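Accompanying notes for the structure given below.
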Amino acid sequence: MTDTEVTKAANFIGGEWVGSRSGDTFDRFNPAHLGEHVVIAPDSTSADVEEAVGYVSENYRAWADTAPEARADVLIRAADILASRADDIATELVREEGKTFAEARMETRRTPQNLRYYAGESLRLSGSTYPTADGSWVFTSRSPVGVVAAITPWNFPLNIPSRKLGPALAAGNGVVFKPSEVTPLSGQRLVEALVDAGVPGGALALVQGRGEVGRALVSDPRVAAVTFTGSTAVGEAIHSAVSVSVRCQLEMGGKNAFVVLEDADLDKAADVITKGAFGLSGQACTGTSRVVVLESVADCLLDRVMERAQALVVGDGLTAGTTMGPLATRAQWDKYQEFLQGGVTSGARLETPLREQSLNDGYFARPAIFSEVGPTSRLAQEEIFGPILSFMTVGSYEEAVDVVNGTPYGLSAGIATTDMGRAMQFSRDVEAGVVKVNQATSGMAMNAPFGGMKLSSTQTHKEQAGDTMMHFYTTDKTIYISA
């Protein structure tokens, strides 16, 4: 690829597409072809954040005062625009992040559906009335919270931002959006669709950049709410930085387990484990990282998962036949190597071949499966965010639950069983915000609430859908009226 084909990303501030005030930029290269320059993006600073937040805080009220039907129409138009551009955006997403084309296309189909769902939420904001002894009226109304800071990760750079910008805009808020520096172009494509559909510059700003942008954004006193999805370490830093008066919604890391009982359909269990562990190259917060299996079926299950994992074709996501793309960044590749080597030296048994890994072309990593993993080891306790799966054998259902709950995380957990009584018991016993029965730990319904427990979430308001989702983006007022 020549430099003339490199896409130049931009900030959207004050209703205009602009570079950073400093003029500085950063680069993004294709993780499948490290010499292929994909994007040049503004390397913004706190000065850009100051300008963006200032403009939105002064001008978002016009959007808040727009009729909810009109806000809904804008979100529906944005969904239509994204759908019309889906194939082109999917191709860019593969080159920018490293997904397979099938994974990217799934995301570009899902994102317009999200916006259509949130368009409906524009029309469902309502309050309550309360009886009084003196005959007066007492009722509640919901108003936009104000300026929302949205900070999102790179692994779903369209879907996750749409789950934040969509409801925030539906409720009439102003939004300042910082996408991951790994996927600046994908974040821009979402904003372009919203702007082209009619979201005004006073209601939406996009600030590209790295850590300084996020720190400046969450500490700005004009920001009323912060919504973040990403690592627990960054989430904890945000939580410490925001004022007590700023509402904060944090969805963070996971160490998700899948339990397989002795009565399970092992072929089906192997299918969902493989999907959960190695889909998106293991780079999903809800991905399966641990398998906790009853010893009577452990060997048979391991054989089945091994067979499926070794059949995966690792390569460029735009190449026909590829079923697993590269890792997204050098940091993720290094972390994969660290856990791979550390697992071997810790005494766990590496069941898949330990191949020599190089960076001659891309950040490619083969699926790795460890058995005989100790429940307190790093392999079993720390989020890896890569294609490494740990098998742990237990002697009873009760021991399985103890192992599943024995980490600081509580995002997603699954179980394979034909006994629905045991499945319901598991849903009560497990410390996880999402529980899947005979399904992969990854993959969520767009109209269902999403959120974790323990260090996986602030557990304030659910994300994505549900009764409390729009409550995060609105504030309650109680109003008393007498004649």
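Just so it is clear, the structure is predicted and the values come from calculations on it, not from any experiment.
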Residues passing the side chain to side chain donor-acceptor pair (under 3.5 Å) test with Ser456, sequence neighbours excluded, are none
Taken in chain and number order and not counting sequence neighbours, the residues that satisfy side chain to side chain donor-acceptor pair (under 3.5 Å) with Asp65 are Arg61
Here the side chain to side chain donor-acceptor pair (under 3.5 Å) pairs for residues 272-284, sequence neighbours left out, are none
Sequence neighbours excluded, the answer for salt bridge (charged side-chain N to carboxylate O under 4.0 Å, His left out) partners of Lys436 is none
Taken in chain and number order and not counting sequence neighbours, the residues that satisfy salt bridge (charged side-chain N to carboxylate O under 4.0 Å, His left out) with Arg124 are Glu121
List the atom pairs, donor and acceptor, that lie under 3.5 Å between side-chain atoms in residues 475-483 and the rest of the protein, sequence neighbours left out.
unit_1: Asp476; atom_1: OD1; unit_2: Arg142; atom_2: NH1; d: 3.0
unit_1: Asp476; atom_1: OD2; unit_2: Arg142; atom_2: NH1; d: 3.2

The complete set of side chain to side chain donor-acceptor pair (under 3.5 Å) pairs with one or both residues in residues 405-417, sequence neighbours excluded, reads Asp263-Thr417
Hits for side-chain contact (heavy atoms from CB on, under 4.5 Å) against Asp196, two or more places apart or cross-chain, chain-then-number order -> Ile81, Arg85
Hits for side chain to side chain donor-acceptor pair (under 3.5 Å) against Thr288, two or more places apart or cross-chain, chain-then-number order -> Thr441
Contacts satisfying ring pair (Phe, Tyr, Trp, His ring centres under 6.0 Å) that involve residues 140-183 (not counting sequence neighbours) are Trp154-Phe385
Residue set satisfying side-chain contact (heavy atoms from CB on, under 4.5 Å) with Ala79, at least two apart, ordered chain then number -> Pro112, Leu115, Arg116
Applying salt bridge (charged side-chain N to carboxylate O under 4.0 Å, His left out) to Asp27 and not counting sequence neighbours gives none
